[in-house]
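Before any comments, here is the structure.
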Amino acid sequence: MSPPAIIAPSILSADFAELGRACSETMAQGADWLHVDIMDGHFVPNMTFGAPVVTKVRPHVDRPAGAYGRGTFDCHMMIAEPKRWVRDFKKAGCDLYCFHYEAAVSSTAADTPEGTSSAQTSPKELIRFIHELGMQAGIAIKPKTSVDVLWDILENPVAEERPDMVLVMTVEPGFGGQSFMASELPKVTALRKRYPDMHIEVDGGLSEKTIDQAADAGANVIVAGSAVFGAADPGEVIRKLREAVDSRRGKL
Ligand SMILES: O=C(CO)[C@H](O)[C@H](O)COP(=O)(O)O
């Protein structure tokens with residue numbers, strides 16, 4: 001059976017001037033995790049914030065110990081140098097460090113005269129490093145990236161080098177409020193077929209209108225920014241998203 005629904009409101013759509021309060025309110029409204037979008041203006045054409053802000057926001061969320069517990073800080077690292085920031089985000093209170101496959105394998109860093117820089121790392125090495133620091137590891141793919149790049153990483157016999165979650169982007173990363181790309185769902189279906197127990201996250205354009213398609217494909221971790229933070233009753237939206245996913249459990 002697929003894992004239960006995890007609803008992770010994206011704080012990208014929250015009022016940044018009131019971020020701590022927005023996080024604690026969202027948790028009180030029924031969120032499971034908080035999805036924290038970190039953008040560097042290089043990997044994506046937008047910037048948000050870094051580890052110092054996460055450090056300040058973290059105490060506003062009551063978090064019981066244990067992986068994937070309520071209040072997990074699910075940090076979606078839309079950054080060009082994912083290896084560089086692992087330690088800082090661990091210190092800041094990140095629980096799940098989800099990096100982009102495309103950033104990890106980017107060859108630009110290796111093209112420098114000095115050779116390999118700290119920016120370059122293999123996904124397997126990066127996952128191991130994240131695990132060594134005591135965080136869960138996620139790997140994300142953009143819409144233009146084939147799901148086929150993940151099989152080798154997921155089938156690694158070395159457990160420490162396997163991700164705990166795959167994030168399938170259902171918009172081009174960079175901005176909230178974009179339209180859901182149903183064209184990405186076959187990736188979710190293929191992942192769920194091979195990995196019935198794995199956390200599969202979808203991010204971008206998720207709402208009451210699009211959740212059924214994502215749930216049918218097998219996604220269980222649902223990121224929603226504008227649909228939750230823009231709602232008159234965010235708790236009701238969270239409840240409906242959860243119900244859509246949990247009603248498919250055992251039927252996929
Ligand atoms: O990663 C993201 C953008 O890159 C956001 O998490 C995502 O777009 C959520 O916003 P919305 O639910 O409004 O689409």
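Remember, it's 1-based here, ligands and their atoms both numbered in the order they're listed. Note that the coordinates shown come from a computational prediction; the quantities given were computed from them, not determined experimentally.
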Is any NZ, NE, NH1 or NH2 atom of the basic residue among E155 and R194 found under 4.0 Å from an Asp or Glu carboxylate oxygen of the other?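 Yes, this pair counts.
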Between D216 and K251, does at least one N-O distance fall below 4.0 Å, as a salt bridge requires? no
With no hydrogens and no angle check, just 3.5 Å: does a side-chain donor-acceptor pair link [X] and [Y]?
X    : Y    : value
R248 : N220 : no
D37  : S10  : yes
H76  : D203 : yes

Which atoms from ligand 1 have a heavy atom of [X] less than 4.0 Å away?
X    : result
H35  : 6 (O)
A224 : 12 (O)
H76  : 1 (O)
P173 : 4 (O)

Is [X] reaching over with its side chain to a backbone N or O of [Y], donor-acceptor style, under 3.5 angstrom?
X    : Y    : answer
Y97  : M77  : no
R128 : V158 : no
R70  : M27  : yes

Does A227 reach ligand 1, in the sense of a heavy atom lying below 4.0 Å from it?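 It does not; every heavy atom stays at 4.0 Å or beyond.
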Write out the residue and atom name of the closest protein heavy atom to [atom], then the distance separating them to 0.1 Å.
atom                    : answer
atom 8 (O) of ligand 1  : F175 O, 3.3 Å
atom 12 (O) of ligand 1 : G225 N, 2.7 Å
atom 13 (O) of ligand 1 : S226 OG, 2.6 Å
atom 7 (C) of ligand 1  : D203 OD1, 2.9 Å
atom 10 (O) of ligand 1 : G176 CA, 3.6 Å
atom 4 (O) of ligand 1  : G174 N, 2.7 Å
atom 14 (O) of ligand 1 : G205 N, 2.8 Å

May I ask you to check whether E172 has an N/O atom sitting below 3.5 Å from an N/O atom of ligand 1?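 No - when backbone and side-chain N and O of E172 are compared with those of ligand 1, no distance drops under 3.5 Å.
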So for ligand 1, is M39 a polar contact partner (N or O within less than 3.5 Å, distance only)? no
Relative to the ring of F16, is the ring of F49 parallel (under 30°), tilted (30 to 60°) or perpendicular (over 60°)?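 F49 and F16: perpendicular rings.
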Shortest reach to atom 6 (O) of ligand 1 by a heavy atom, considering only V36, I38, D37, I11: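 Of the listed residues, D37 has the closest heavy atom.
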Please determine if K142 forms a cation-pi arrangement with F43, meaning its NZ or CZ atom is less than 6.0 Å from the six-membered ring centre and no more than 45° off the ring axis. yes
